[in-house]
Asks: 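If you scroll down you'll find the structure; I have some questions about it.
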Amino acid sequence: MIIETPQPLDLESTLLSGQAFRWQRSDGWYRGVVFGNVVKLRKRGDGLEILSTPDDEQSIEPIIRDYFGFKTDLQEIYNSFSCDTRIQGAITRYRGMRILQQDPWECLVSFICSSNSNIGRITRNIHDICVTFGRPISSGADTIHAFPTPRDLADAGEDLMGRLRLGYRTRYISDTARVIADGRLDLISLREESYTDALEALIGLPGVGDKVANCVLLFSLNKPEAFPVDVWIHRALREWYLSDEEKNLSRPKIRLWAQKRFGRFAGYANQYLFHDRRLEDRSNQHHSNVG
DNA sequence: AGCCAGGCCCTCC
DNA sequence: GGAGGGCCTGGC
């Protein structure tokens, strides 16, 4: 089925910019796994074509709408950055890139994996976790796996998980899975909490510091003011925004600085800066290799 | 070979 | 409270 969406919609930047790690392009479609369903998407004119299994497209549509946050008015967010030429430049290049609202559990594990890593490796890690521990979903010829539940990973045992080349993150994931599976923290309920309270709750988890917690808040808990300070953003801020004195601030202090600077949609400024900076860097690398 | 990668944790001051 | 080093693994 084809659904109407807000315009414009930048599918490529939204799905492959490192917010989520289960989307891949093939044959003009983007294929992913969303809340236990294999979903294929492609643009058709101004609309978005959806195929899904095992649930049919009619029942998946509202889930996809929430996942993409189609209720969010991007133009209002863009307008809030009207005074910032740097952000405006990135918006021009990736207009229609949206911030996803993923399953918080999957998002949490994904960003625990992200520490000291890169998008390619994180993608492989998440794939291995799903294939090894996730419930199979039949999808035509090939078998695709859902993301494992907290209980699945809590019961997995570090010996089996230890083979997945997650490194020191194995223990973090295992311990965090136990916390969630035992009901000591209800991730979904954090959507109703304030940004600050939810941040504090997440930072208690093994392998979750300020950066990872802010990724989870931004990409799955509907907290647009969340601002993950990773090395890319750190560089971008140091180069383009911070004074010499401010450059020496700690990561959480830089986060506070940025949240004050960019306001209640700081997370969108973050995502556009991150994507822009990362693609620019890759482009430079490519050119230097050629020369 | 050696450094860095979308950090976190522990130690020590 | 914050600076510094270690850490699995992989890529260059």
Side-chain angles (χ1 to χ4, degrees), chain A residues 13-23 90 94 97 99-100 102 106-129 132 156 158-177 179 199-220 226-239 245-258 266-291:
Chain A
S13 297
T14 301
L15 297 176
L16 301 182
S17 60
Q19 303 182 51
F21 302 93
R22 297 208 70 191
W23 290 96
Y94 316 113
M97 174 168 68
I99 287 186
L100 298 169
Q102 306 173 52
E106 175 175 342
C107 192
L108 175 60
V109 174
S110 299
F111 284 96
I112 288 176
C113 286
S114 76
S115 96
N116 245 351
S117 190
N118 55 72
I119 291 179
R121 185 180 173 198
I122 300 163
T123 302
R124 192 174 61 243
N125 289 157
I126 295 301
H127 175 262
D128 290 344
I129 287 173
T132 309
E158 292 190 24
D159 48 345
L160 183 51
M161 209 190 300
R163 297 179 202 164
L164 302 186
R165 295 180 299 179
L166 296 162
Y168 57 82
R169 304 162 195 81
T170 301
R171 185 166 44 82
Y172 295 153
I173 292 170
S174 191
D175 291 349
T176 290
V179 173
L199 177 64
E200 197 175 333
L202 286 172
I203 283 186
L205 294 168
V208 181
D210 195 83
K211 189 273 176 182
V212 170
N214 273 276
C215 285
V216 176
L217 290 166
L218 182 59
F219 300 136
S220 73
F227 195 95
V229 180
D230 55 47
V231 295
W232 297 92
I233 289 294
H234 199 185
R235 277 179 207 145
L237 292 179
R238 286 169 60 109
E239 185 172 335
E245 297 220 345
E246 289 163 340
K247 287 187 209 296
N248 297 323
L249 293 173
S250 67
R251 293 289 188 87
K253 292 231 170 102
I254 286 183
R255 168 173 65 74
L256 287 170
W257 182 96
Y268 282 82
N270 185 299
Q271 184 61 18
Y272 279 79
L273 269 182
F274 172 77
H275 193 50
D276 201 34
R277 181 80 189 190
R278 187 171 157 268
L279 292 191
E280 181 186 309
D281 196 82
R282 279 175 47 165
S283 165
N284 289 340
Q285 246 178 358
H286 178 68
H287 291 314
S288 68
N289 287 344
V290 170

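Sequence lines set the chain letters: A, B, ... in the order given, protein chains first and strands last, and positions in each chain run from 1. Since the model is a prediction, treat every value here as computed from it, not as a measurement.
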Asks: Looking across every strand, which nucleic acid part, if any, lies under 4.0 Å from Pro206(A) by heavy atom: base, sugar-phosphate, or nothing?
Replies: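 Here Pro206(A) touches the backbone only, sparing every base.
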
Asks: If I take atom CG in residue Leu237(A) and atom C1' in nucleotide dG6(B), what distance separates them, rounded to the nearest angstrom?
Replies: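 Going from CG in Leu237(A) over to C1' in dG6(B) covers 14 Å.
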
Asks: Closest nucleotide of DNA chain B for Val208(A) versus for Phe219(A): which of these residues is on the 5' side?
Replies: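 Residue closer to the 5' terminus by nearest nucleotide: Phe219(A).
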
Asks: With a 3.5 Å cut-off and heavy atoms only, can you find an N or O donor on one side and an acceptor on the other between the side chain of Lys211(A) and the base of dG7(B)?
Replies: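 Such a pair does not exist between side chain and base.
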
Asks: By the 4.0 Å heavy-atom rule, please label Ser110(A) as base, sugar-phosphate, or nothing.
Replies: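 Nothing, no heavy atom under 4.0 Å.
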
Asks: Between dG7(B) atom P and Arg169(A) atom CZ, what is the distance in whole Å?
Replies: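 Rounded to the whole Å, the gap is 10 Å.
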
Asks: Name the nucleic acid region contacted by Arg278(A), choosing base, sugar-phosphate or nothing; use a 4.0 angstrom heavy-atom cut-off, strictly under.
Replies: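 Touches nothing.
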
Asks: If the cut-off is 4.0 Å, is Lys253(A) near the phosphate of dG1(C), judged by side-chain N/O to OP1 or OP2?
Replies: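 Lys253(A) to dG1(C) OP1/OP2: no side-chain N or O under 4.0 Å.
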
Asks: Could you state the interatomic distance from CZ (Phe274(A)) to CG (Leu279(A)), rounded to the nearest 0.5 Å?
Replies: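 The CZ atom of Phe274(A) sits 9.0 Å away from the CG atom of Leu279(A).
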
Asks: For the C1' atoms, the ones on dG10(C) and on dC9(B), what distance do you get once it is rounded to whole angstrom?
Replies: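 One C1' to the other, the span is 22 Å.
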
Asks: For the P atoms, the ones on dG11(C) and on dC8(B), what distance do you get once it is rounded to whole angstrom?
Replies: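 dG11(C) and dC8(B) have their P atoms separated by 23 Å.
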
Asks: Which nucleotide wins on minimum distance to the side chain of Arg124(A), given the candidates dC8(C), dG11(C), dG6(B)?
Replies: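 Selected nucleotide: dG11(C).
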
Asks: For the CZ atom on Arg277(A), are there more than 12 heavy atoms of other groups (residues, nucleotides or ligands in this structure) within a distance under 6.0 Å?
Replies: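 More than 12 heavy atoms, drawn from other residues, nucleotides or ligands, come within 6.0 Å of this atom.
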
Asks: dG6(B) P sits how many Å from Asp210(A) CG, rounded?
Replies: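 Whole-Å distance recorded here is 18 Å.
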
Asks: Can you tell me the base-pairing partner of dC7(C)? Count Watson-Crick or G-U wobble geometry only, both distances below 3.5 Å, and say none if there is no partner.
Replies: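 When the pairing criteria are applied, dG7(B) turns out to be the nucleotide that pairs with dC7(C).
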
Asks: Please figure out whether Asn118(A) or Ser115(A) has its closest DNA chain C nucleotide nearer the 5' end.
Replies: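 Closer to the 5' end of DNA chain C: Ser115(A).
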
Asks: On DNA chain B, compare the nucleotides closest to Arg171(A) and Ile119(A); which residue's is nearer the 5' end?
Replies: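 On the 5' side of the pair lies Ile119(A).
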
Asks: Give me the distance, rounded to whole Å, that separates dG2(C) from dG6(B) when you measure between the C1' atoms they each carry.
Replies: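 About 23 Å, rounded to a whole number of Å.
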
Asks: Any side-chain N or O of Arg165(A) under 4.0 Å from OP1/OP2 of dG10(C)?
Replies: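 Looking at the OP1 and OP2 atoms of dG10(C), one of them is under 4.0 Å from a side-chain N or O of Arg165(A).
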
Asks: Mark yes or no for a side-chain to base donor-acceptor pair under 3.5 Å between Tyr168(A) and dG7(B), with no hydrogen or angle criteria applied.
Replies: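 A donor-acceptor contact between them is present.
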
Asks: Nearest whole angstrom, please: distance from the C1' of dT9(C) to the CE of Met161(A).
Replies: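 In whole Å, dT9(C) C1' lies 17 Å from Met161(A) CE.
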
Asks: Looking at every strand, decide which applies to Ile203(A) at a 4.0 Å heavy-atom threshold: base, sugar-phosphate, or nothing.
Replies: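 Contact class for Ile203(A): none.
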
Asks: On a heavy-atom basis, which atom in Gly207(A) and which in Val212(A) lie closest, and how many Å separate them?
Replies: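 Nearest pair, atom of Gly207(A) first, then Val212(A): O-CG2, 4.2 Å.
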
Asks: Give the rounded distance in Å between these two atoms: CZ of Arg255(A) and C1' of dG7(B).
Replies: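 Atom-to-atom, Arg255(A) to dG7(B), this comes out as 15 Å.
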
Asks: Would you indicate which nucleotide in dA5(B), dG6(B), dG10(C) comes nearest to any side-chain atom of Asn116(A)?
Replies: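 Selected nucleotide (nearest to the side chain): dA5(B).
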
Asks: I want to check something: taking the side chain as every heavy atom from C-beta on, are Glu106(A) and Val109(A) in contact at a cut-off of under 4.5 Å?
Replies: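 In short, these two side chains do not touch, never coming nearer than 4.5 Å.
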
Asks: For the atom pair CZ (Arg255(A)) and CG (Asn214(A)), what is the distance rounded to the nearest 0.5 Å?
Replies: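 Between Arg255(A) CZ and Asn214(A) CG, I get 5.0 Å after rounding to 0.5 Å.
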
Asks: Under 4.0 angstrom, heavy atoms only, what part of the nucleic acid is Gly18(A) near: base, sugar-phosphate, or nothing?
Replies: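 Base contact - Gly18(A) has a heavy atom under 4.0 Å of at least one base atom.
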
Asks: Between P on dG6(B) and CZ on Phe227(A), what's the gap in Å once rounded to a whole number?
Replies: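 Going from Phe227(A) (CZ) to dG6(B) (P), I get 17 Å.
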
Asks: Please report the distance, rounded to the nearest Å, between CG in Asn125(A) and C1' in dC8(C).
Replies: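 About 10 Å, once rounded to whole Å.
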
Asks: Would you call the rings of Tyr94(A) and Tyr272(A) parallel, tilted or perpendicular if under 30° counts as parallel and over 60° as perpendicular?
Replies: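 Correct class here is tilted.
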
